[in-house]
Structure formats: C-alpha cells, structure tokens
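Hydrogens, waters and symmetry mates play no part in the numbers below; they use all other heavy atoms, side chains included. Position 1 is the first residue of the sequence; numbering continues from there.
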Amino acid sequence: MNRPADNRSCHRAPQLHPAAGYVGDHAAALAAARTPSGILAALAALEAACREAREWIAVDLVLNDGWSYAEVGRATGTTRQAASKAYADPVNARTRRSVMGRNDAVVIVGCGSAKLDRPAPAGQMYTGSYHRACRRAADRIGGRLVILSARYGLLTADTVIEPYELRMGQPGAVTAPRLYAQARRLGIDVAGTVTVLAGRDYADPVSAVWPHARRPLDGTRGMPEQMAVLAELARTATTPVVTNPRLPASTPEGRAA
C-alpha cells in the first residue's frame, strides 16, 4: 500500500525523517574512508545507524501516521508478524516516553572555546566565562542539563571527553541528524520544554530537533549582549520548567566516541 507521503523524490529523504539524514552522515563517512580498517569501521557504524533508523522510522509511522504492522512489513520486505515482533515493544516504549515526557524539561547549554588540556567530564571541560554564565542561567531555569559540543554533540555532564578545537558549522562538526539520534537515545527528544542557551550557530540545530525550543539569546548582538541576558536569567529566570521527578538522573555515558 502506497501512502501520499511515499510519493516523494529520493533526494528528499533527509527532510522526510531526521533518521534518514543520520544514515546519510554515516554514508558520507564511509565514502571518505581511506584505509581498509577505516572502511570496516565506517561500515559497522553505517550498519548500526541503519538498524536504529529503521526502528525509529517504523515506530513513528505506526504512532504518527497510523501505519499498520502489515504496511510496515511490506515496506521492509517482511510479514506483518515479523514487523509486529520487531517493532511492537519499541512502539509501546515510545508511547510511554511520549506521555511521561510532556512535563519533562531539558536545558541545553553551548560549549566554549576555553577548555582543559586533558580528558575530563564535559561538566568540567569548559572553563570560559561564557560557558560558566550559561551554566549559572541553566541552574536558575532548572531542568535536565545537557551540554552541546560541536565535536561530540549532546553530552551529559559526566561524559568524559577529550579536548578539541571545533565550532558548530565547521567541517567535522555534529549535524542536526546526529543530534536527533543522540536525543532519541537519551530519551529527551520527547521533552515537553526545551531551553537552549547558545548562539544561533548552536541553537539552530537544536531547533531542528525540538522546533518548540525556547531561545532566550535570540535577538542579541554579540557576546556582551548575550552575557547580559545570561546574567539576567541567572538572577530572575521564571521560566516554568520544573523537572519531572520521573525523569531519571543523568547516567554516565562512558567516553564519548
């Protein structure tokens, strides 16, 4: 059964679902591999990304577009029974997360150019005044803290990372599809309230994942104005973003890849 949403050109795939763009990023990494070991590693990463993307898209088609498991089975070349066995549990899990996530709050802060010169948890890595100002404002706003790194993407404060020199938008920086994948793995993609404390280069990819994200620094012109807004938020923020007590505390993610 073909549905209206299927009648699109293949080049539109990344726009049809962020997971397709996530797979595209891995395919580009495979194309850029230059050694046999690099090709094998890229293939393994691409295969894992395909498995994740297939599940995410199938689950969203069932929940958001009303597809039956028989339709998912036809699209994936399997039977209704096989599709139900593969996706019923993820569908139910996402339904529960979506219901519970309506009252959850996430506050995303940008990283910073000033860093330690050694591996450290992300919550300690960034030492500059801008990042510290973002953290003070985030503490006042409330919610689950997530740090947005140009190299590593979405990080919990206890994720150990290496120092790096990279800004969002530069070659090698994380993309919106990768942020989407990370948010989905962390279970925060369904958060009801998201606040991003960062400039436009960082806030725009966040908005691609969470179109409803609040962006208090929009409209500022340069670092001095952003610092002034952050200082005001740290003093008087009244955004009602109390963390849902059912949201689990941050857990160690291990060393970032």
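No side-chain donor from either of Gln81 and Tyr69 sits under 3.5 Å from a side-chain acceptor of the other. Defined by atom type and a distance below 3.5 Å, a donor-acceptor pair is present between the side-chain atoms of Ser149 and Tyr164. When only modelled atom types and interatomic distance are considered, Thr193 and Arg214 share no side-chain donor-acceptor pair under 3.5 Å. In the model, Thr95 has no side-chain atom that pairs as donor or acceptor with a side-chain atom of Ser98 under 3.5 Å.
Trp67 contributes no side-chain N or O that, together with a main-chain N or O of Asp60, makes up a donor-acceptor pair within less than 3.5 Å. Judged purely by atom type and a 3.5 angstrom limit, Glu225 has no side-chain atom pairing as donor or acceptor with the backbone of Gly222. Formation of a donor-acceptor pair under 3.5 Å by the Ser84 side chain with backbone atoms of Arg80 is not found in this model. Of the possible donor and acceptor atoms, none in the side chain of Arg151 sits under 3.5 Å from a partner among the backbone N and O of Leu166. Not a single donor-acceptor pair under 3.5 Å links the side chain of Arg144 to the backbone N or O of Ile108. Tyr152 contributes a side-chain N or O that, together with a main-chain N or O of Glu162, makes up a donor-acceptor pair within less than 3.5 Å.
Between Asp139 and Val107, the closest side-chain pair of non-hydrogen atoms is not below 4.5 Å. Side-chain atoms of Leu217 and Arg200, non-hydrogen and from C-beta on, never get closer than 4.5 Å to each other. When side chains are defined from C-beta on, Asp117 does not count as touching Pro163, because their heavy atoms never get closer than 4.5 Å. Proximity of Arg135 to Leu145: side-chain heavy atoms (C-beta onward) are separated by under 4.5 Å at one or more points. Contact of the Arg167 side chain with the Tyr202 side chain is registered, since non-hydrogen atoms from C-beta on lie closer than 4.5 Å.
To the nearest 0.5 Å, atom CD of residue Glu232 and atom CE of residue Met227 are 14.0 Å apart. To the nearest 0.5 Å, atom CG of residue Asp201 and atom CG of residue Leu148 are 11.0 Å apart. Of the inter-residue distances, the one linking Leu30 atom CG with Glu47 atom CD reads 10.0 Å to the nearest 0.5 angstrom. With values rounded to the nearest 0.5 angstrom, Glu55 atom CD is found 12.5 Å from Thr76 atom OG1.
When hydrophobic clusters are built by joining Ile, Leu, Val, Met, Phe, Trp and Tyr residues whose side-chain heavy atoms come closer than 4.5 Å, directly or via intermediates, Tyr126 is grouped together with Met223. Follow the hydrophobic side-chain contacts under 4.5 Å out from Leu46 and you reach Ile39 in the same cluster. Taken together through direct or relayed side-chain contacts under 4.5 Å among Ile, Leu, Val, Met, Phe, Trp and Tyr, Ile188 and Val190 form parts of separate hydrophobic clusters. Tracing side-chain contacts under 4.5 Å through hydrophobic residues (I, L, V, M, F, W, Y), one reaches Leu186 starting from Leu179; they form part of the same cluster.
Asp104 has no carboxylate O lying under 4.0 Å from a charged side-chain N of Arg97, or vice versa, which leaves the two without a salt bridge.
A pairwise comparison of heavy atoms in Leu197 and Ala138 identifies CD1-N, 3.7 Å as the closest pair. Heavy atoms only, all atoms of each residue included: Pro205 and Ala176 are closest at O-CB, 4.2 Å. For the pair Ala173 and Gly169, the tightest heavy-atom approach, listed with the atom from each and the gap, is CB-N, 3.7 Å. Minimum interatomic distance between Pro18 and Pro177 (heavy atoms only, all atoms of both residues): O-CB, 3.6 Å. The minimum heavy-atom distance linking Ile147 with Ala157 is given by the pair CD1-CA, 4.5 Å. Ala198 and Ala203 make their closest contact through O-CB, 4.1 Å (heavy atoms, listed as atom of the first residue, atom of the second, distance).
Residues satisfying the side-chain hydrogen bond (donor to acceptor under 3.5 Å, both in side chains) test with Ser129, not counting sequence neighbours, are none. Scored by the side chain to side chain contact (heavy atoms under 4.5 Å, CB included) test, Ala120 finds Leu116, Met125 as partners (sequence neighbours excluded). Residues passing the side-chain hydrogen bond (donor to acceptor under 3.5 Å, both in side chains) test with Glu52 are Tyr22, Arg185, sequence neighbours excluded. With sequence neighbours excluded, the residues satisfying ring pair (Phe, Tyr, Trp, His ring centres under 6.0 Å) with Tyr180 are His17, Trp56.
Note on residues 188-198: pairs passing salt bridge (Lys or Arg N to Asp or Glu O under 4.0 Å), not counting sequence neighbours, are Arg94-Asp189. The side chain to side chain donor-acceptor pair (under 3.5 Å) pairs that include a residue from residues 26-36 are Thr35-Ser37, where partners are two or more places apart or lie in different chains.
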Give the C-alpha distance, both sets of side-chain angles, the deciding distance and a yes or no for side-chain contact (heavy atoms from CB on, under 4.5 Å) between His131 and Val109. CA-CA 7 Å; His131 180 77; Val109 302; 3.9 Å; yes
Val106 vs Thr195, test: side-chain contact (heavy atoms from CB on, under 4.5 Å). Steps then yes/no. CA-CA 6 Å; Val106 174; Thr195 304; over 6 Å; no
Taking it one step at a time, do Tyr87 and Val72 satisfy side-chain contact (heavy atoms from CB on, under 4.5 Å)? CA-CA 9 Å; Tyr87 302 119; Val72 173; 3.8 Å; yes
For Arg136 and Leu230, what are the C-alpha separation, side-chain angles and deciding distance, and is it a side-chain contact (heavy atoms from CB on, under 4.5 Å)? CA-CA 8 Å; Arg136 287 192 293 270; Leu230 290 169; over 6 Å; no
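Just one of Leu154, Leu155, Thr159, Val194 meets the side chain to side chain contact (heavy atoms under 4.5 Å, CB included) condition when paired with Val146; it is Leu154.
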